[in-house]
Every structure is written in structure tokens, then in C-alpha cells.
**Q** 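Before I ask anything, let me first share the structure, which is written out below as C-alpha cells.
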Amino acid sequence: MIDNRGAGEMDEGWYRLGMVVVGLAGFWEGVMAIVFRLFTDKEPSVMSAANYLPAPWCYVVAGVIAAVAFAIVAALDSGHKKALARKGSRDSSQA
């Protein structure tokens with residue numbers, strides 16, 4: 001089967017997978033790491049790796065992780081909207 005998509009197009013499945021992975025990782029390693037540190041007595045784990053750091057730095061790292069995840073989600077969403085707009089304009093010009 002020949003793939004007719006252009007180089008700048010985004011596959012819907014990969015877009016959704018990227019959004020889910022980045023969103024969950026950013027939420028768990030960012031927001032939930034802060035919640036675990038502040039409100040529970042749990043030991044740090046791989047799922048909240050920022051909590052291995054000493055007190056002020058764990059909050060900084062968790063905040064940065066959450067901000068980077070938000071920026072990646074915003075970039076993915078922007079790219080997806082642009083890809084859909086290009087596809088829509090290309091489809092209407094071919095009709």
C-alpha cells in the first residue's frame with residue numbers, strides 16, 4: 001500500500017498516542033510528584049522520580065516537567081491543527 005501523505009502531515013493515531021503519553025508522563029512526573037511529596041508519606045519511586053531530590057529541588061524539577069509537558073502538548077496540538085487545515089485546503093482544491 002502506498003502512503004500518499006505529505007511530509008508535513010500527522011497521522012491521527014500517532015498524534016493521539018503522543019498526546020496521551022506526554023500528558024500522562026507530565027501529569028504523573030510533575031503534578032502527582034508534588035502531591036505525593038506534600039500529602040503522603042510514600043517513598044520516592046520511578047513513577048515520581050523528582051521526589052528523589054532534596055526538598056526545594058524536587059518541586060522545581062516537577063514544575064519544569066509539568067511545564068515542558070504542557071509545551072509539548074501545545075506544540076502537538078498546534079501541529080495537528082495545521083495539518084488538518086492543510087489537508088482540508090488540499091482536499092477542497094482537488095474537488
Side-chain angles (χ1 to χ4, degrees):
M1 184 167 175
I2 298 174
D3 189 3
N4 292 334
R5 292 182 310 216
E9 280 194 46
M10 184 180 295
D11 184 34
E12 189 71 25
W14 286 111
Y15 163 74
R16 289 182 183 193
L17 178 65
M19 291 289 277
V20 167
V21 168
V22 170
L24 284 175
F27 176 74
W28 197 262
E29 292 289 339
V31 176
M32 288 308 294
I34 293 172
V35 169
F36 281 150
R37 182 69 173 240
L38 290 175
F39 300 113
T40 67
D41 292 329
K42 289 188 174 187
E43 292 293 321
S45 69
V46 174
M47 294 303 293
S48 59
N51 288 341
Y52 282 110
L53 297 171
W57 294 110
C58 67
Y59 303 117
V60 172
V61 169
V64 167
I65 290 170
V68 167
F70 179 77
I72 292 172
V73 165
L76 280 172
D77 191 47
S78 175
H80 185 250
K81 286 179 183 176
K82 287 178 184 178
L84 288 177
R86 279 193 304 265
K87 182 179 178 185
S89 67
R90 186 179 55 197
D91 289 345
S92 65
S93 67
Q94 290 178 354

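Predicted model only: the values in this text are computed from it and were never measured.
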**Q** When clusters are formed by joining ILVMFWY residues with side-chain heavy atoms under 4.5 Å apart, either directly or through shared neighbours, do M19 and F27 land in the same one?
**A**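 In one cluster with M19: F27, no.
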**Q** Mind checking side-chain contact (heavy atoms from CB on, under 4.5 Å) for V68 and listing every partner two or more places apart, or none if nothing turns up?
**A**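 Here the qualifying residues are V64, I72.
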**Q** Filter on salt bridge (charged side-chain N to carboxylate O under 4.0 Å, His left out), then keep only pairs touching residues 49-73, sequence neighbours left out; what's left?
**A**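 For residues 49-73: none.
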**Q** For K81, give me all partners under salt bridge (Lys or Arg N to Asp or Glu O under 4.0 Å), at least two apart in sequence or on another chain.
**A**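 By the salt bridge (Lys or Arg N to Asp or Glu O under 4.0 Å) rule, K81 matches D77.
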**Q** What closest approach, in Å, do Y59 and L38 show between heavy atoms, and which atom pair accounts for it?
**A**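 That closest heavy-atom pairing would be OH-CD2, 3.3 Å.
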**Q** According to ring pair (Phe, Tyr, Trp, His ring centres under 6.0 Å), does anything in residues 32-55 pair up with another residue at least two apart or in another chain? List the pairs.
**A**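 Qualifying pairs, neighbours excluded: W28-F36.
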**Q** Tell me, please, which residues at least two apart from F70 pass side-chain contact (heavy atoms from CB on, under 4.5 Å).
**A**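 For F70 there are no side-chain contact (heavy atoms from CB on, under 4.5 Å) partners, ignoring immediate neighbours.
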**Q** How would you list all residue pairs meeting side chain to side chain donor-acceptor pair (under 3.5 Å) that involve residues 67-76, not counting sequence neighbours?
**A**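 Residue pairs with at least one partner in residues 67-76: there are none.
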**Q** Search all heavy atoms of N51 against all heavy atoms of R37 and return the closest pair with its distance.
**A**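 Here N51 and R37 meet closest at O-NH1, 3.0 Å.
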**Q** Sequence neighbours left out, what pairs pass salt bridge (charged side-chain N to carboxylate O under 4.0 Å, His left out) with at least one residue falling in residues 13-25?
**A**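 Pairs touching residues 13-25 that pass the test: E12-R16.
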**Q** Nearest 0.5 Å please: distance from the OG atom of S48 over to the CD1 atom of I34.
**A**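 Going from OG on S48 over to CD1 on I34, the span is 11.5 Å.
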**Q** Only counting residues at least two apart or in another chain, list the ones meeting side-chain contact (heavy atoms from CB on, under 4.5 Å) with L24.
**A**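 L24 satisfies side-chain contact (heavy atoms from CB on, under 4.5 Å) with V20 once adjacent residues are dropped.
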**Q** So which pairs with a foot in residues 47-76 pass salt bridge (charged side-chain N to carboxylate O under 4.0 Å, His left out), sequence neighbours left out?
**A**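 The answer is none; no pair qualifies.
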**Q** Go through the structure and list residues passing side-chain contact (heavy atoms from CB on, under 4.5 Å) with A50, not counting sequence neighbours.
**A**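 Testing A50 for side-chain contact (heavy atoms from CB on, under 4.5 Å), a comparison that skips the adjacent residues, returns A33, V61, A62.
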**Q** Taking all atoms of both residues into account, what is the closest heavy-atom pair of E29 and V46, and its distance?
**A**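 For E29 and V46, the tightest heavy-atom pair comes out as OE2-O, 3.0 Å.
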